[in-house]
Amino acid sequence: MVMETAILSVPVFSTLCNEAFRLRRAIFVHEQKVPEVEEFDADDLSAHHLVAVTAGEVSGTLRVIYAEEHVKIGRVAVAGRWRGRGIAADMIGRAMELHRDARGNRFYLTAQADKLPLYERFGFVAYGAEFLDGGMPHLAMKNY
């Protein structure tokens, strides 16, 4: 059975955004052991938050930040039971569609090293040396 997923842009501290924060805490802090002080920061207050809702529950989230030279996509998270269904790709595509005019369709992100193929599908190319973020190997990626 195919489940439809809605990708919604939500205001910070709305009910759906709070559920997205709960999902981020579960995935990044508890599952991946990222220190909570590194997971949540002041950028959450000004970021644009996208939330995926599948079968009535928050299944994924990401945030978008307008930097001076590009739009930064980050904090991409999908609940374990919904992984492998294209939700992350749907959210990334929607984020790029909604924010492409903000910085001339120039997007940047840092990706967990094992997630590069997901972002490469959207034209992102890794550059620079691998670095640790939250204790996990990451690479910077951009589409320009």
Side-chain angles (χ1 to χ4, degrees), residues 1-127 131-136 138-144:
M1 179 163 134
V2 175
M3 295 267 179
E4 187 126 347
T5 297
I7 309 296
L8 308 170
S9 183
V10 300
V12 68
F13 299 124
S14 63
T15 300
L16 282 175
C17 194
N18 285 338
E19 288 300 311
F21 288 167
R22 183 173 290 124
L23 177 62
R24 280 176 42 190
R25 183 174 287 109
I27 292 171
F28 294 121
V29 176
H30 298 293
E31 183 182 320
Q32 297 183 351
K33 307 298 184 216
V34 173
E36 188 157 1
V37 69
E38 290 180 30
E39 173 54 27
F40 296 97
D41 58 28
D43 286 335
D44 281 320
L45 299 175
S46 60
H48 301 267
H49 297 274
L50 268 63
V51 174
V53 178
T54 310
E57 71 179 75
V58 171
S59 54
T61 186
L62 63 72
R63 75 179 187 184
V64 173
I65 298 167
Y66 289 2
E68 190 172 320
E69 65 278 5
H70 50 236
V71 174
K72 182 179 180 186
I73 296 174
R75 305 302 201 270
V76 179
V78 175
R81 68 180 254 148
W82 298 110
R83 292 179 191 154
R85 298 173 190 238
I87 292 171
D90 289 347
M91 290 189 302
I92 293 161
R94 183 73 176 135
M96 292 178 79
E97 174 187 317
L98 288 172
H99 301 280
R100 77 176 69 249
D101 294 333
R103 299 294 183 266
N105 200 34
R106 295 183 332 174
F107 290 89
Y108 165 88
L109 54 84
T110 60
Q112 292 178 7
D114 63 334
K115 305 293 190 293
L116 296 184
L118 167 64
Y119 301 109
E120 288 169 344
R121 293 186 347 210
F122 292 92
F124 286 91
V125 176
Y127 68 95
F131 61 94
L132 290 180
D133 188 10
M136 294 169 285
H138 279 68
L139 282 161
M141 301 185 83
K142 60 185 178 181
N143 74 336
Y144 61 95

Which residues pass the side-chain hydrogen bond (donor to acceptor under 3.5 Å, both in side chains) test with [X], not counting sequence neighbours?
| X | answer |
| --- | --- |
| His48 | none |
| Glu38 | none |
| Asp41 | Arg63, Arg75 |
| Arg25 | Glu36 |

Worksheet entry | Test ring pair (Phe, Tyr, Trp, His ring centres under 6.0 Å) applied to Tyr108 - qualifying residues, sequence neighbours left out |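 Expected list: His70.
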For a quick test of reading the model, state the closest non-hydrogen atom pair linking [X] to [Y] and the distance between them.
| X | Y | result |
| --- | --- | --- |
| Ala79 | Ile27 | N-CD1, 3.9 Å |
| Ala47 | Ile65 | CB-CG1, 4.0 Å |
| Cys17 | His49 | SG-CG, 3.7 Å |

Worksheet entry | Validation row, ring centre Phe107 to ring centre His99 under 6.0 Å |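 That pair fails the under 6.0 Å test.
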Heavy-atom distance under 4.5 Å between the side chains of [X] and [Y], does that happen here?
| X | Y | value |
| --- | --- | --- |
| Arg94 | Leu50 | yes |
| Ile92 | Met96 | yes |
| Leu45 | Phe13 | yes |
| Thr110 | Phe131 | yes |
| Glu19 | Val53 | no |

Discussion item. Could you walk me through whether Glu39 and Arg24 satisfy the salt bridge (Lys or Arg N to Asp or Glu O under 4.0 Å) test, starting with their C-alpha distance in whole Å, then the side-chain angles of each, then the deciding distance to 0.1 Å, before giving a yes or no?
Written reply: CA-CA 8 Å; Glu39 173 54 27; Arg24 280 176 42 190; 2.6 Å; yes
Got a list of side-chain donor-acceptor pairs under 3.5 Å for residues 114-127, not counting sequence neighbours?
none

Item to complete: Calculate, to the nearest 0.5 Å, the distance between atoms OG1 and CG belonging to Thr61 and Leu16 respectively.
Response: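 Reported to 0.5 Å precision, the distance equals 9.5 Å.
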